[in-house]
Participant: 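Shown below is the structure under consideration.
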Amino acid sequence: MSEHGSKAATADAAHAGETRRDFIHIAAATVAAGGVAAVAWPFVQQLAPAADTRAASTAEVDVSKVPEGSEIRVLIGGLPFFIRHRTPVEIARAKADDHAQLRDPATDDSRLHKMLDGKLNPAILVTSGTCTHLGCVPVGPAQGNTGDFGGWYCPCHGSHYDTSGRIRKGPAPKNLAIPKYDYTSATMIKISL
Amino acid sequence: MSGPSTYEPKNGFTKWMDERLPILRFNHDLMEFPTPKNLNYWWTFGGILAVMLVVQIVTGIVLAMHYVADTSKAFDSVERIRRDVDFGWLIQGIHANGASMFFLAVYIHMFRGLYYGSYKSPREVIWILGVVIYLIMMATAFMGYVLPWGQMSFHGSAVITNLIGAIPLVGDTVKTYLMGGPAIGDATLNRFFSLHYLLPFVIAGIVVLHIWALHVPGNNNPTGVSVKDVKKDTLPFHPYYTVKDGFAIVVFFILFASFVFFMPNELGHADNFIQANPAQTPSHIVPEWYLLPFYAILRAITFDIGPIEAKLLGVGAMFGAILILFFVPWLDTSKVRSMRYRPLAQQAFVLFVLASVGLGFCGANDPDKFVFNYGPDKVALVYTEAATGKVIREVSDNYEALVAKKAALAEPARSEAAIEVSSEGFKWLWLSQILGLYYFLYFLLILPVLGILEKPKVRPPSIAESVTKKHAAVPASPVNPVAAE
């Protein structure tokens with residue numbers, strides 16, 4: 001025993017059986033774990049969106065170019081957005097359903113952004129083009145299918161959105177998201193991720 | 001079971017080698033490994049799978065020499081392999097169809113394990129390693145399917161990454177780190193290519209562990225009765241099972257080759273021959289056939305339970321359907337391994353196989369379409385009642401009556417009213433809910449309860465006797481029966 005020497009360090013009864021070697025083991029393992037964590041961090045973080053990807057995250061769109069009753073689709077960083085020019089009937093339908101039984105209640109007005117003059121422009125609806133169920137891109141007026149509620153229909157799992165982009169039927173839990181965007185003039189909007 | 005090594009070096013070189021790297025001894029002992037003499041052809045799928053892994057790795061390495069992981073070039077580079085690279089059509093065809101063949105073999109291998117109780121003590125670790133291999137196979141296949149950058153590749157992967165996004169708290173972060181950007185793009189394609197190349201080697205490593213674990217207790221067998229006398233119950237692996245496996249591999253390759261040479265695109269989707277367009281999802285998006293049962297389970301959950309949304313429940317059910325396999329060794333309470341001697345479990349198992357295959361069909365079909373119609377199509381008049389504002393849907397056999405009724409409506413209801421085809425039937429959604437429920441009940445209720453309630457049949461006392469008894473039971477008949485005169 002005496003050749004190990006370290007036993008002598010534990011004369012105190014409360015620490016019987018503990019040795020300086022235990023301390024060295026724990027300390028060495030802690031340093032090793034810290035080292036592994038420090039090395040793992042950059043190897044995980046490199047998976048995150050790179051700086052150039054993060055930088056390319058806005059798009060300006062001239063909404064006056066969207067024909068009434070139709071929509072255009074804009075990709076920002078590969079994510080689709082819908083810019084729809086709604087007809088008066090579609091707007092009326094959206095407003096009429098403001099207090100209907102909704103899965104994700106929201107009024108049509110709350111889904112519009114103010115123009116520079118402080119007024120809402122109900123003709124132009126800007127939404128995310130990603131179905132809130134599993135991220136398919138719903139079809140709309142340009143594809144000839146607007147679903148049971150006149151807005152969009154997701155062909156993947158059958159979610160129906162109304163003319164305000166609110167979820168009305170099917171498995172999607174939430175309304176089509178409204179992206180961050182601002183009117184930069186009477187006809188231009190700037191969408192950012 | 002492997003016992004002491006029987007290897008004896010024959011000459012000076014092998015003796016010298018044996019003292020330094022006993023690789024010849026290792027190979028000898030593998031070939032001499034005592035294997036139950038009654039293994040049937042369901043046992044050949046392990047060998048088939050090993051060959052399929054090699055086929056996929058070899059063809060994959062070649063394809064990686066020609067493939068370009070760039071969203072603007074990936075689709076064209078795959079088409080170039082198919083059209084311009086010498087024998088590219090062959091190697092790409094082997095790789096793409098090989099994935100399907102790999103899954104076909106792994107499903108048969110897994111069903112065999114479930115039927116003959118190969119997951120039971122002392123083989124739990126073999127089974128768990130197998131499930132790990134299966135999980136990595138699915139991840140590898142999923143990432144490989146993204147690489148050709150067709151419409152199905154893109155939107156299929158969008159659905160799967162969004163599934164991960166549904167996981168509470170960490171989901172969104174994990175999803176972003178997986179995609180490397182706001183949507184699936186170049187960053188995603190490149191990391192999927194890198195991982196698709198890596199994971200098969202991880203599989204190969206776990207296969208080594210799987211076989212190592214197998215060589216501790218030795219093979220299960222169709223009777224489920226353990227080897228009692230190595231001399232009477234077993235045969236050396238070589239040449240008995242190398243030849244049997246070899247024959248099965250040749251037969252399997254005939255099926256494989258018939259796909260590669262005569263219907264190379266049969267298992268694919270037409271949509272994947274359209275280059276990915278992030279702004280437009282194909283109208284009918286489905287994964288590859290081998291993932292369809294889980295896709296059906298995902299879509300079967302269309303209802304919220306308390307505060308948990310249908311989407312999260314669907315994702316949970318889908319992952320649960322795979323993860324539950326890890327617990328099968330403890331969910332099955334029966335002491336009898338082989339279902340040959342479990343009359344009730346046998347029936348439950350057949351239904352389980354049918355449910356799994358049926359779920360595959362559910363996954364391939366639109367959940368709102370009908371498996372079968374209740375009767376001939378009818379017509380329906382849909383209009384908004386002026387007084388109450390309620391939408392009325394009137395179904396009838398008589399088209400003329402509805403036309404007359406529509407004409408009689410007051411404006412503005414009349415111009416907004418529509419007459420449409422109305423069919424009633426049994427939805428694929430409902431079938432997937434029934435079969436999905438059975439899938440879970442099989443593991444969570446039937447296997448645990450049957451083990452306690454069921455009275456098993458008499459098992460043969462040993463493997464050797466199960467073989468000799470079977471032959472004795474057949475009445476002896478002359479080799480060339482003579483016709484009665």
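First the proteins, then the strands, lettered A, B, ... as listed; each starts at 1.
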Participant: Which value, rounded to the nearest 0.5 Å, describes the distance between Asp304(B) atom CG and Arg103(A) atom CZ?
Facilitator: 7.0 Å

Participant: A quick test of your reading: do over 12 heavy atoms of other residues, nucleotides or ligands sit less than 6.0 Å from CZ of Phe23(A)?
Facilitator: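 Not more than 12 within 6.0 Å, no.
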
Participant: Nearest 0.5 Å, please: how far is CG in Leu47(A) from OG1 in Thr173(B)?
Facilitator: 12.5 Å

Participant: Is Pro80(A) in contact with chain B via its backbone, its side chain, both, or neither, using a 4.5 Å heavy-atom distance?
Facilitator: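 It is the side chain, since no backbone atom gets that close.
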
Participant: Around atom NZ of Lys378(B), are there more than 12 heavy atoms from other residues, nucleotides or ligands closer than 6.0 Å?
Facilitator: no

Participant: For Glu424(B), look at atom CD and say whether over 12 heavy atoms of other residues, nucleotides or ligands are found less than 6.0 Å away.
Facilitator: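 It does not: Glu424(B) CD has 12 such atoms or fewer within range.
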
Participant: So which heavy atom on Ala158(B) is nearest to which on Gly135(A), and how close?
Facilitator: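 Closest approach of Ala158(B) to Gly135(A): CB-O, 4.2 Å.
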
Participant: Under a 4.5 Å heavy-atom cutoff, which of Leu193(A), Asn145(A), Val44(A) has the most pairs with chain B?
Facilitator: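 Top option by heavy-atom pairs under 4.5 Å: Val44(A).
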
Participant: Between Gln280(B), Arg191(B), His284(B), which shows the greatest number of heavy-atom pairs under 4.5 Å with chain A?
Facilitator: Arg191(B)

Participant: Give me the atom names and distance for the closest heavy-atom approach of Ala279(B) to Val137(A).
Facilitator: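 Ala279(B) and Val137(A) have their closest heavy atoms at O-CG1, 3.3 Å.
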
Participant: Quick one: what part of Ser57(A) sits under 4.5 Å from any heavy atom of chain B, side chain, backbone, both or neither?
Facilitator: neither

Participant: Heavy-atom distances under 4.5 Å only: say whether Thr302(B) touches chain A with side chain, backbone, both or neither.
Facilitator: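 Contact with chain A: none, neither part.
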
Participant: For Phe43(A), is the CZ atom crowded, meaning more than 12 foreign heavy atoms sit under 6.0 Å from it?
Facilitator: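 No.
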
Participant: Evaluate whether atom CZ of Phe361(B) has more than 12 neighbouring non-hydrogen atoms of other residues, nucleotides or ligands under 6.0 angstrom away.
Facilitator: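 At most 12 heavy atoms, drawn from other residues, nucleotides or ligands, come within 6.0 Å of this atom.
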
Participant: Minimum heavy-atom separation for Ala183(B) and Gly77(A), please, with both atom names.
Facilitator: CB-O, 3.6 Å

Participant: Look at Gln45(A), Arg54(A), Gln46(A) and state which one has the largest set of heavy-atom pairs under 4.5 Å with chain B.
Facilitator: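 Top count of heavy-atom pairs under 4.5 Å with chain B: Gln45(A).
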
Participant: Return the minimal non-hydrogen interatomic distance between Gly181(B) and Thr53(A), and the atom names on each side.
Facilitator: CA-CG2, 3.9 Å

Participant: Under 4.5 Å between any side-chain heavy atoms of Asp366(B) and Pro155(A), yes or no?
Facilitator: no

Participant: Going from NE2 on His133(A) to CG on Leu298(B), what distance comes out if it is rounded to the nearest 0.5 angstrom?
Facilitator: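 It comes to 5.5 Å.
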
Participant: Can you check whether Cys136(A) reaches Val159(B) side chain to side chain, under 4.5 Å on heavy atoms?
Facilitator: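 Touching, per the 4.5 Å side-chain cut-off.
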
Participant: Search all heavy atoms of Gly78(A) against all heavy atoms of Pro278(B) and return the closest pair with its distance.
Facilitator: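 Distance-wise, the nearest heavy atoms are O-CB, 3.8 Å.
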
Participant: Nearest 0.5 Å, please: how far is CZ in Arg299(B) from CG in Leu134(A)?
Facilitator: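 Going from the CG atom of Leu134(A) to the CZ atom of Arg299(B) covers 10.5 Å.
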
Participant: Locate the shortest heavy-atom distance separating Tyr177(B) from Ala48(A); write the atom from each residue and the value.
Facilitator: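 Scanning both residues completely, I find the closest heavy atoms to be CZ-CB, 3.8 Å.
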
